[in-house]
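Being a predicted model, the structure only gives us computed values, none of them experimental.
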Amino acid sequence: KATVGAKTPEEKTAAPTVEAPKAGDKEIKGTAPAGSDVTVKLPDGTEIKAKADQDGKWTATLPADKELAENDEIKVVAKDGDKEPSEEVKATVGAKTPEEKTAAPTVTAPKAGDKEIKGTGKAGAKVNITKENADGSGQGTEIARDVVVGNDGTWTANVPEGVTLAEGDLIYATPKE
């Protein structure tokens with residue numbers, strides 16, 4: 001005679017990790033046991049599936065109509081084969097990362113008849129220089145393209161032959177991204 005014992009509990013999947021998500025992110029990333037299935041649950045209950053690669057890295061891409069907002073809480077669970085699902089890992093969405101914008105270049109006040117236009121900008125950046133005629137015609141002339149800002153943060157553009165700076169012309173320095 002033998003008594004049936006309790007089923008041996010299955011081993012639990014190791015808990016995944018989540019890289020700190022930020023508001024506006026379109027992907028949530030982390031690590032989990034290699035080959036495991038990862039489920040990311042958004043605050044509204046939407047579930048996104050991902051699979052950990054051979055290095056244990058996973059990426060879950062948000063549906064186009066979903067967006068992460070600051071202070072949202074997401075939940076992540078991993079399941080490795082026949083093992084029990086992992087403990088639920090929670091991550092709070094942080095503030096959006098500010099966009100890195102190239103600082104707007106400046107133009108030092110050129111004078112009528114000048115043969116050079118100078119200004120400042122972010123070292124290494126490129127600027128395009130144009131002028132708009134003072135007569136209000138909306139006519140413009142390209143003066144220089146891809147002028148590189150020096151390590152000291154200044155740039156110089158030569159006014160091309162046949163172009164004259166007249167009093168009241170508007171000079172534009174546009175950053176080239």
Side-chain angles (χ1 to χ4, degrees), residues 16-31 38 40-53 55 57-76 90-177:
T17 64
V18 182
E19 290 178 16
K22 300 217 180 321
D25 283 356
K26 282 298 179 192
E27 292 181 336
I28 300 169
K29 298 179 178 192
T31 61
V38 177
V40 177
K41 191 183 249 180
L42 301 180
D44 68 358
T46 301
E47 291 190 349
I48 306 167
K49 305 283 186 193
K51 194 163 193 69
D53 66 17
D55 297 325
K57 292 183 168 82
W58 58 266
T59 300
T61 303
L62 268 67
D65 62 338
K66 302 290 176 195
E67 188 161 308
L68 294 177
E70 191 172 351
N71 297 320
D72 276 357
E73 185 177 77
I74 58 170
K75 298 170 182 158
V76 183
K90 295 176 182 176
T92 302
V93 177
K96 183 176 183 141
T97 307
E99 306 255 332
E100 279 290 315
K101 283 200 85 167
T102 304
T106 63
V107 180
T108 53
K111 307 255 184 299
D114 279 358
K115 287 292 171 199
E116 274 186 349
I117 299 172
K118 298 179 182 223
T120 62
K122 183 179 173 203
K126 291 181 179 178
V127 289
N128 292 336
I129 315 303
T130 54
K131 89 170 181 114
E132 188 177 304
N133 297 342
D135 60 15
S137 64
Q139 292 295 331
T141 307
E142 184 177 282
I143 292 179
R145 175 182 288 256
D146 295 338
V147 177
V148 178
V149 179
N151 289 334
D152 63 354
T154 65
W155 55 264
T156 301
N158 293 318
V159 177
E161 209 53 51
V163 174
T164 305
L165 296 184
E167 189 175 336
D169 284 351
L170 295 174
I171 305 297
Y172 295 99
T174 311
K176 187 165 183 211
E177 297 294 330

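- Judged purely by atom type and a 3.5 angstrom limit, W58 uses its side chain to pair as donor or acceptor with the backbone of T31.
- When every heavy atom of A112 is checked against every heavy atom of A166, the shortest pair comes out as CB-C, 4.2 Å.
- Residues V159 and D114 fail the side-chain proximity criterion, which asks for heavy atoms closer than 4.5 Å.
- Between L165 and P110, the shortest heavy-atom distance links the atoms CD1-CB, 4.1 Å.
- A distance of 10.5 Å separates CD1 of I143 from CG of N158, quoted to the nearest 0.5 Å.
- Separation of atoms CG (L42) and CD (E67) is listed at 11.5 Å; rounding is to 0.5 Å.
- Atom CG of D55 has more than 12 neighbouring heavy atoms from other residues, nucleotides or ligands inside a 6.0 Å radius.
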Report task. Might you work through the side chain to side chain contact (heavy atoms under 4.5 Å, CB included) test for V107 and W155, ending with a clear yes or no? Result -> CA-CA 9 Å; V107 180; W155 55 264; 4.1 Å; yes
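- Side-chain atoms of K96 and K22, non-hydrogen and from C-beta on, never get closer than 4.5 Å to each other.
- Atom-to-atom distance recorded for T92:OG1 and E73:CD is 5.0 Å, nearest 0.5 angstrom.
- A157 and A144 get closest at one heavy-atom pair: CB-CB, 3.8 Å.
- The shortest distance between side-chain heavy atoms of P21 and I74 falls below 4.5 Å.
- Here CD1 of I28 is found 5.0 Å from CD1 of I48. Values are rounded to the nearest 0.5 Å.
- Under the salt bridge (charged side-chain N to carboxylate O under 4.0 Å, His left out) criterion, the residue pairs touching residues 141-160 are E142-R145, D146-K176, with sequence neighbours excluded.
- For the pair K26 (side chain) and K66 (backbone), a donor-acceptor distance under 3.5 Å is present.
- Side-chain atoms of T130 and N128, non-hydrogen and from C-beta on, never get closer than 4.5 Å to each other.
- Remark: side-chain polar atoms of T120 are not paired, donor with acceptor, to backbone N or O of G153 under 3.5 angstrom.
- Here side chain to side chain donor-acceptor pair (under 3.5 Å) pairs that include residues 160-169, with residues two or more places apart or in two chains, are K131-D169.
- The main-chain N or O of T46 is found under 3.5 Å from a side-chain atom of D44 such that the two form a donor-acceptor pair.
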